[in-house]
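Contents: one structure, followed by commentary.
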Amino acid sequence: MNISTLFQQKKTVFSVEIFPPKRTDGIDTLYKSLDRIAAIKPDYISVTYSAGGSATNELTGRIAADIKTRYGIEPLPHLTCLYNTREQVRAQLDSLAQNGIENILALRGDRRPDMEVCHDFSYASDLAAFIRDNSSFNCVGACYPEGHPEAPGRARDVRNLKYKIDAGVTHLNSQLFLDNDDFYSFLELCEAADINVPIEAGIMPLMSKSQIERMIVGFGASMPRKFSRIISRYENDPDGLFKAGIGYAISQIIDLISQGVSGIHLYTMNRPDVAEMIYDSVKSML
Ligand code: FAD
């Protein structure tokens, strides 16, 4: 199924992201988690891909194929292009197509100082155009409500985002954000830039001190005062911080659904307990 059709069928699409294990021998643990994540019946499940090239990249396609056959849920494997040649991309597209995959999240991927880029693709829009011209996959893209960290500003980043849409991307999944107003103003910028595809809000529940530090530093998400207060209050209480983090994500989602967003894309971090708690709290609104 082309997942872009979901947006015509559903009031609010609810999708989730998982990542392959770092080592191939972690696959059994992932499938135990997936059994429970799939049981909440998300509209589709996206599977990340390591930009720097890794042994587990082959797993992205394998897990995506299993999501479709084992659980009957549409998979969305990610694919990055900075460190892939055209031929490597072509081979991966062929393999995904043979496994019945119909949708791909086309990404540039992060730069790695320790690796030489391949120069066949510079931006995600190049990959999206290649996919459009060489296959029949439906192509999804990433977007950044607070602006991509490398872009010289949000307005410029949104202008660059338009290249992806022009290259055939049919919907966008957003980076995590903690202040819904950032997402709403981003939607306005997109509309003004003639970006009219559905945009799913990326929600990552932040539940531990180390995860918060990693995510805020890694993704450059700004921290609203409401969220800083939660951290101060629960910094020495891991259980309290976990519950407050889940509660914060739920309150974000409830507000987003009430405001009529096209979809919620939940970063599960492979935690079925987290996916279940959040889904149970919001499912009646979807
Ligand atoms: P692009 O859209 O190519 O943008 C990168 C930068 O280039 C931006 O600053 C943009 O403004 C600029 N730009 C774009 N086009 C042009 C142009 N024509 N001229 C000048 N500047 C331009 N990373 C992974 O490694 N694996 C994953 O599985 C993965 N999944 C992700 C899923 C989501 C939903 C999101 C939001 C991010 C994900 N990432 C993943 C991270 C992503 O790869 C990085 O954020 C990366 O730095 C940018 O990728 P992109 O596809 O958004 O790049």
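Whatever order the structure lists them in is the order used to number ligands and atoms, beginning at 1.
- At under 3.5 Å, a nitrogen or oxygen of His148, whether backbone or side chain, sits near a nitrogen or oxygen of ligand 1.
- At a 4.0 Å heavy-atom cut-off, ligand 1 touches Lys164 through the side chain alone.
- For the residue pair Ser262 and Glu200, no side-chain donor N or O sits within less than 3.5 Å of a side-chain acceptor on the partner.
- If you number the atoms of ligand 1 from 1 as listed, the ones under 4.0 Å from a heavy atom of Ala151 come out as 9 (O), 11 (O).
- In terms of polar-atom proximity, defined here as any N/O pair under 3.5 Å, Thr48 makes no such contact with ligand 1.
- In this structure, a donor-acceptor pair under 3.5 Å is absent between the side chains of Asp120 and Tyr83.
- An N or O contact shorter than 3.5 Å is missing between Glu150 and ligand 1 by distance.
- In terms of polar-atom proximity, defined here as any N/O pair under 3.5 Å, His78 does make such a contact with ligand 1.
- The salt bridge (charged side-chain N to carboxylate O under 4.0 Å, His left out) contacts involving residues 9-19 comprise Lys10-Asp43, where partners must be two or more places apart or lie in separate chains.
- No hydrogens or angles considered: nothing links the side chains of Ser4 and His171 as a donor-acceptor pair under 3.5 Å.
- Short contacts between ligand 1 and Asn173, defined as distances under 4.0 Å to a heavy atom of the residue, involve ligand atoms 34 (C).
- Short contacts between ligand 1 and Asp110, defined as distances under 4.0 Å to a heavy atom of the residue, involve ligand atoms 43 (O), 44 (C), 45 (O), 46 (C), 47 (O).
- A donor-acceptor contact closer than 3.5 angstrom is absent between the side chains of Asp182 and Asn180.
- Annotation: Leu107 places no N or O atom under 3.5 Å from an N or O atom of ligand 1; distance criterion only.
- Distances from atom 50 (P) of ligand 1 to the heavy atoms of Tyr144, Tyr123, Phe19 show the closest one on Tyr144.
- Taking a cut-off of under 4.0 Å to the non-hydrogen atoms of Leu105, the atoms of ligand 1 that pass are 32 (C).
- Ring pair Phe177/Phe183 is parallel by interplanar angle, where below 30° counts as parallel and above 60° as perpendicular.
- Set against the non-hydrogen atoms of Thr80, the atoms of ligand 1 under 4.0 Å away are 24 (C), 25 (O), 26 (N).
- If you take CG on Leu127 and CD1 on Ile131, they are separated by 4.0 Å, rounding to the nearest 0.5 Å.
- No side-chain donor-acceptor contact under 3.5 Å links Ser125 and Arg108.
- In this structure, Gly109 is part of the shell of residues with a heavy atom less than 4.0 angstrom from ligand 1.
- Below 3.5 Å of separation, one finds no N or O of Cys143 facing any N or O of ligand 1.
- Close N/O approach between Tyr267 and ligand 1 is not found [any backbone or side-chain N/O within under 3.5 Å].
- Side-chain atoms of Tyr123 and Asn160 form no donor-acceptor pair, as typed in the model, at a separation below 3.5 Å.
- Of the candidates Phe121, Tyr49, Tyr163, Phe219, it is Tyr49 that places a heavy atom closest to atom 27 (C) of ligand 1.
- Sorted by first and then second residue, the salt bridge (charged side-chain N to carboxylate O under 4.0 Å, His left out) pairs involving residues 276-286 (not counting sequence neighbours) are Arg36-Glu276, Asp280-Lys283.
- Polar contact with ligand 1: absent for Ser125 (N/O pair, distance under 3.5 Å).
- Ligand-side atoms of ligand 1 in range of Asp157: 8 (C), 9 (O), 10 (C), 11 (O), range being under 4.0 angstrom from any heavy atom.
- For Glu191, the CD atom counts as loosely surrounded, since its 6.0 Å shell holds 12 or fewer non-hydrogen atoms of other residues, nucleotides or ligands.
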